[in-house]
Each structure stands twice: as structure tokens, then as C-alpha cells.
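Written out below as C-alpha cells is the structure these notes cover.
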Amino acid sequence: MSTQTPLLFQSREARLAALDALPRTLWLGALTQAQGRLEPRLAALVALRSALIGGRVPPAVDWCWPTPELVAALCETFAELDLPAYCTGRQELSDVVVQSLLFHLDFIPDYRDRGATDARAARMAIEAFGSDWQNRRGQMDELMEVFGKLPDDGKNARWDLLPGLLKSEGWREVLRIRRLLERLPELAECIRRLGRARPSEERDDASRSQVEVMDSAIARRTEQRTVRVPDMPGETRGVHRADRIARMLPAESVLLGHPALRLVWHARRAERTLLCYEDDDRMTEVRHIDAPVLRPRPDPQPDRRLEMGPLLVCVDTSGSMQGGAGEVAKAVVLEAVRTAHTQGRACHVFAFGGAGEVVDMQIGVDADGIGRLIHFLGQGFKGGTDICGPLEKSIACLEQAAWQMADLLIASDGEFGATPELVARLDDAKRALGLRVQGVLIGDRETIGFLEVADHIHPVRDWRRYGDGARGGDSPVHTHRLTALYFPGALRTAENRDATVSGEIASAAVRAGLRRGQPLPADLLPPEPSSDDPTS
């Protein structure tokens with residue numbers, strides 16, 4: 001039996017085995033910490049980190065590092081700040097807490113050098129640690145208030161960037177818009193219903209699939225059976241008594257040749273007692289009968305509504321969106337980012353103004369994403385309105401596999417118009433991909449441009465109540481559907497297109513003096529498609 005030779009530094013490295021359970025970001029602080037001996041310190045840090053991830057703090061009796069006085073003060077501080085609740089399930093945040101603890105405990109020798117006693121120095125370090133995390137806890141509370149939960153785990157290591165962002169004027173603006181969202185619950189509901197990644201429990205009456213159900217009915221069916229026809233020549237079954245001369249036995253024929261017995265033959269024939277061959281045959285009979293049956297019937301059943309998946313948001317930042325309309329538009333963006341972060345969905349925002357003015361942002365909740373969001377929400381809106389740019393970019397996104405399950409949300413006052421070619425491309429995407437376009441109307445009435453691109457429009461009738469120059473009150477227009485009610489013929493629907501002629505034909509008809517309902521002359525009719533046209 002061979003024994004393995006120990007490596008040269010194996011015994012010395014065994015003291016550092018606990019480092020394997022710690023992330024590399026804690027190695028330097030754990031090795032150079034001034035308090036206690038190395039092995040108990042590493043073991044205590046491993047236990048503390050694991051306990052924080054599990055949402056608790058190790059009991060004071062289980063701590064093997066640092067001194068009992070420091071352990072008691074630390075346990076009290078952890079409980080007072082409720083840090084385990086924040087660290088539950090978050091490895092990166094737990095590492096930051098342990099790293100911060102090592103940092104503050106390293107100041108104890110400095111405090112002693114400045115004349116503090118041992119107890120006073122330890123108390124100063126614990127108080128500094130508590131004050132530090134009191135501030136950070138407030139920042140985490142603000143982040144959870146705005147985004148529903150803390151930033152992504154992988155980005156929590158950048159806590160050095162977040163405090164600066166959370167103290168900026170832009171973050172105050174984010175908090176103000178977040179409070180505005182509490183007054184607009186319909187926006188949150190509208191955004192939550194976006195996406196087509198998985199079916200929900202809600203029924204979708206607009207989408208129906210054909211399901212076959214069985215109904216009871218009476219159906220006539222054909223039945224065949226075989227029947228026996230007696231005395232029909234076909235098969236000889238035996239001998240029986242009858243008066244059939246053609247089938248009587250030869251022995252009966254002998255009686256006819258005898259002068260005395262021929263009377264016996266006639267008597268037996270009259271009594272139908274002649275011995276005759278018994279014949280019969282079988283025939284197929286076809287008959288029609290009515291019988292109950294189960295008949296399949298197509299029955300359209302509503303599908304379950306689809307939801308979840310990535311979000312595509314087009315927000316109008318034109319000059320007409322200033323004041324309360326702009327505040328609501330910012331609230332739409334913040335709620336989209338908040339919903340996407342809370343539900344683990346991707347979110348892409350297109351902020352559009354005039355021609356060529358499209359800001360393309362994929363916003364995540366991390367230090368960089370929060371910075372972009374603060375910048376966007378802090379700026380004013382101005383410029384023209386061109387919906388074509390963001391719609392083209394949205395359609396390009398939908399052609400990518402990662403965004404095919406997305407719905408499109410447009411937040412605008414509707415003062416725009418898409419070209420017929422772009423509307424046709426959007427309709428193709430709706431038919432081919434099942435795209436749904438939701439509109440948030442931040443205005444008094446829906447416009448033709450909005451009606452042409454949006455499948456459903458959710459009006460925010462009290463948008464005037466928000467913004468610096470809030471005037472209060474709902475929309476002065478009794479219904480937002482004024483355009484659809486009074487100008488239905490202006491929409492580029494299929495029915496309207498079929499009932500519309502070109503400008504050249506209309507001009508020729510006017511010159512010809514035609515009136516409504518009169519047929520167009522043959523020379524004014526559009527040319528018939530040729531037989532060679534593959535589309536005809």
C-alpha cells in the first residue's frame with residue numbers, strides 16, 4: 001500500500017482551507033484583518049456569510065471571532081438594522097456586508113492610537129459600521145420602493161456607484177414620478193398585461209380556437225343482412241312433404257305408372273304429402289334505418305390570454321408632451337422598467353421626437369441602467385413628432401428571436417401619423433407574429449394615427465392633474481373616441497380602402513358629371529389583372 005507524499009507547503013496551506021468557501025473579494029480583508037487569529041477568523045467569516053445568505057445571524061455563542069464584547073455588539077447591530085432580511089438569498093450583498101465589517105474593524109487600532117480605550121475603540125468601530133449601513137439601508141429601501149426589489153445580484157458589487165446616483169437631483173425626480181404612479185394604477189395593470197410568453201388564467205375573448213364538440217343527432221344509415229328464401233332453388237337442405245311435382249322424389253313418380261296406385265299419388269298430392277326435395281336460397285337485403293349518433297361540431301372556444309415576455313415601449317417626447325402629459329409619459333417608462341425588473345423581463349425603450357430623433361435604450365436595473373433612467377426622466381421634452389422611426393426599430397426588434405414574444409406599448413398624445421407602408425408592415429407583424437399594440441393615450445381624444453397603429457387604447461383622462469402647471473380636472477371632452485365616432489371613414493381600414501378610388505379616377509368621375517351610386521365608365525375602371533399575374 002503506497003502512501004502519497006505530502007506536498008511541500010500542504011501543511012501550511014491547510015490553515016487557509018476556509019478561503020475556498022469565501023469569494024476572492026473577501027480574501028485580502030480576511031487575511032490582513034487586525035482582529036483575532038487567522039484560523040478562527042476565517043471560520044467565523046465563512047459562517048457569518050453563509051448565515052446572512054440564509055437570512056439570519058449566527059448566535060453569539062457560535063462566533064469564534066472576534067472578542068465576545070465585539071460579537072455581542074455586532075449581533076445587536078445586525079438585529080437593529082435587520083440586515084439579514086436584506087441579505088436573504090443575495091450572495092453579493094452579503095459579501096459587501098462582510099467586507100464592510102472587516103473594513104470598520106480594521107480601524108480599531110487607529111482609534112487606540114488616537115487615545116481611545118479598547119472599549120471605546122471597539123464601540124467607535126461598531127458605531128461607524130452601524131451608521132454606514134443605516135445609510136445604505138435607506139438607499140436599499142428607496143431602490144425597493146422604486147423598482148420593487150433590489151438591483152440585480154450581479155450588479156450589487158457596484159455599490160460604490162449607487163450612493164452617488166441616489167443622492168442626485170435626478171433621483172429625487174425618479175422618486176417623485178414613482179409617487180405619481182401610485183395615482184395611476186391603470187398604467188401598472190396595462191403594462192403588466194403586455195407580452196405573449198406564457199398563457200395566463202384570464203380568458204381572451206378576442207382570440208378563439210376551433211374545438212370539436214360532440215352533439216347528439218339522428219342519422220340514417222344503411223344496413224345489410226342476409227335473409228333465407230324458402231322453396232327458392234339454390235341449395236337442397238333435405239326432404240319434406242309438399243305438392244311440388246318438379247321437386248318430388250323418383251319414388252313418388254313410380255306411383256303414377258301403376259293403375260291402382262296412381263290414385264294414391266293424386267290423393268297425396270291433394271294432401272300436399274308428396275315427398276319432395278326441400279330447397280331454399282339466401283339473399284342480401286339492404287335497408288335504411290334512423291339511429292342516434294354523436295356528430296362532431298366545431299365550437300370556437302376563447303383562448304387564455306398571453307402575458308409576460310419582453311417589453312417594447314415607444315414613448316413620445318415631442319414638444320406637445322410637456323407638462324402633465326410628459327409626467328405621465330415618464331411614469332409609463334418608469335413603470336415599464338419597474339415591471340420588467342420585478343418580473344425578470346427585458347425592457348427596451350424608444351423615446352421619439354422629430355424625424356431621426358429616436359433614443360434607443362435597453363434599461364436594466366443596475367448602476368448603469370439607473371443612471372440612464374435618471375438622465376431620461378430628468379430631461380424635458382421638445383421637438384416634433386415622427387412615429388415612423390420608433391416603429392421601424394420596434395419591427396426590427398421583433399424580427400429577432402429574443403423579442404418575438406414582446407408586445408408594443410405606445411405612450412403618446414396621438415398627434416402623429418404613420419405612412420401607409422409602415423402601417424402595412426405593422427399589420428403584417430400582427431398577423432405573422434401575433435403582435436399586440438397597446439396605446440396609452442395622454443390626451444383628450446384618440447387620433448387617426450393612433451387608431452391605425454394601436455389595437456387597444458387606454459386613455460389617461462386626468463393627465464392634466466400632473467406636472468408643475470397642473471390645472472386639475474378631467475378631460476373636457478366627454479369621450480376620447482371622438483375621431484372613431486365622427487370620422488370612421490378616414491381610417492385606412494380594409495373596408496375603407498375597398499370603397500375608395502384613386503385621385504385620378506375621382507377627378508375623372510367629377511369631370512364626367514357622375515353622381516354617387518352611378519357606375520364608373522369602363523374607361524375609368526382600374527385595369528383588370530392579367531392572367532399571367534401570379535398574384536391574381
Side-chain angles (χ1 to χ4, degrees), residues 141-152 171-204 304-317 321 324-351 361-365 369-370 372-374 376-377 394 405-414 436-443 446 450 454-467 470 474-475 480:
D141 290 340
E142 286 187 356
L143 287 171
M144 287 193 289
E145 178 190 355
V146 174
F147 299 113
K149 66 177 185 179
L150 289 175
D152 297 333
W171 181 250
R172 299 300 105 190
E173 179 71 8
V174 173
L175 293 178
R176 188 182 64 79
I177 295 175
R178 175 67 189 96
R179 287 190 287 272
L180 184 149
L181 271 174
E182 296 175 356
R183 301 161 60 186
L184 297 168
E186 66 276 9
L187 280 185
E189 178 63 21
C190 174
I191 293 173
R192 187 194 64 77
R193 292 161 59 87
L194 294 175
R196 295 168 284 117
R198 72 183 187 192
S200 65
E201 297 300 325
E202 180 183 356
R203 295 183 6 153
D204 185 7
R304 289 194 295 172
R305 196 180 194 283
L306 300 178
E307 63 179 14
M308 299 296 288
L311 304 176
L312 290 174
V313 181
C314 293
V315 58
D316 188 354
T317 59
M321 295 291 291
E327 297 298 302
V328 177
K330 293 177 181 178
V332 170
V333 174
L334 179 58
E335 182 59 30
V337 174
R338 171 187 167 87
T339 302
H341 176 61
T342 304
Q343 299 179 343
R345 308 160 69 178
C347 180
H348 209 124
V349 178
F350 302 98
M361 303 178 293
Q362 184 169 354
I363 301 179
V365 180
I370 293 174
R372 290 196 298 272
L373 183 64
I374 290 175
F376 172 75
L377 298 181
S394 300
M405 292 293 105
D407 277 346
L408 178 60
L409 178 71
I410 301 176
S412 172
D413 57 1
R436 299 174 301 195
V437 181
Q438 308 289 331
V440 176
L441 175 62
I442 316 172
E446 58 194 10
F450 219 162
D455 299 315
H456 303 282
I457 294 180
H458 308 272
V460 182
R461 294 182 55 81
D462 56 349
W463 59 273
R464 286 185 172 82
R465 296 184 177 182
Y466 312 106
D474 292 337
S475 171
H480 68 279

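When all heavy atoms of Ile457 and Ala454 are compared, the closest pair comes out as CG1-CB, 3.9 Å. Contact between Gly195 and Asp407 at its shortest, heavy atoms only, is N-OD2, 3.0 Å. When all heavy atoms are compared, the tightest approach of Leu408 to Ser394 is CD1-OG, 3.7 Å. Shown here for Cys347 and Ala340, the closest heavy-atom pair between the two residues is CB-CB, 3.6 Å. Residues Ile442 and Ala329 approach most closely at CD1-N, 3.8 Å, considering heavy atoms.
When atom types are taken as modelled, the side chain of Arg465 and the backbone of Gly324 share no donor-acceptor pair closer than 3.5 angstrom. A donor-acceptor pair under 3.5 Å is formed between the side chain of Asp455 and the backbone N or O of Val437. Between the side chain of Arg196 and the main chain of Met308, no donor-acceptor pair closer than 3.5 Å is present. Under a 3.5 Å cut-off, the side chain of Thr342 and the backbone N or O of Phe147 do form a donor-acceptor pair.
With sequence neighbours excluded, the residues that form a salt bridge (Lys or Arg N to Asp or Glu O under 4.0 Å) with Glu142 are Arg172. Annotation: ring pair (Phe, Tyr, Trp, His ring centres under 6.0 Å) contacts of Phe350 (sequence neighbours excluded): His348. Residues satisfying the side chain to side chain donor-acceptor pair (under 3.5 Å) test with Arg372, not counting sequence neighbours, are none.
Leu409 CG to Leu312 CG: the interatomic distance, rounded to the nearest 0.5 Å, is 9.5 Å. Between the CG atom of Leu306 and the CG atom of Leu194 there is a distance of 12.0 Å, given to the nearest 0.5 Å. With values rounded to the nearest 0.5 angstrom, Asp316 atom CG is found 8.5 Å from Phe450 atom CZ. Atoms CG and CD1, on Leu334 and Ile191 in that order, are 9.0 Å from each other to the nearest 0.5 Å. Between the CZ atom in Arg345 and the CG atom in Leu311 there is a gap of 4.5 Å [rounded to 0.5 Å]. Within the model, atoms CD of Glu327 and CH2 of Trp463 stand 12.0 Å from one another, a figure rounded to the nearest 0.5 Å.
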task: Check the pair Glu335, Arg338 against side-chain contact (heavy atoms from CB on, under 4.5 Å), reporting the backbone distance first and the verdict last.
output: CA-CA 5 Å; Glu335 182 59 30; Arg338 171 187 167 87; 3.6 Å; yes
message: Working note: Val365 + Leu373, criterion side-chain contact (heavy atoms from CB on, under 4.5 Å); need CA distance, chi angles, decisive distance, verdict.
response: CA-CA 9 Å; Val365 180; Leu373 183 64; over 6 Å; no
task: May I have the step-by-step check of side-chain contact (heavy atoms from CB on, under 4.5 Å) for Ile370 and Val146, ending in yes or no?
output: CA-CA 11 Å; Ile370 293 174; Val146 174; over 6 Å; no
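Between Leu181 and Arg178, the closest side-chain pair of non-hydrogen atoms falls below 4.5 Å. Contact check for Asp141 versus Glu145: no side-chain heavy atoms found under the 4.5 Å cut-off.
When Arg192, Arg193, Arg436 are each tested for a salt bridge (charged side-chain N to carboxylate O under 4.0 Å, His left out) with Glu307, only one passes: Arg192. The residue from Val332, Val460, Val440 that alone fulfils the side-chain contact (heavy atoms from CB on, under 4.5 Å) condition with Leu184 is Val460.
Glu173 has a carboxylate O that lies under 4.0 Å from a charged side-chain N of Arg176, or vice versa, which qualifies the two as a salt bridge.
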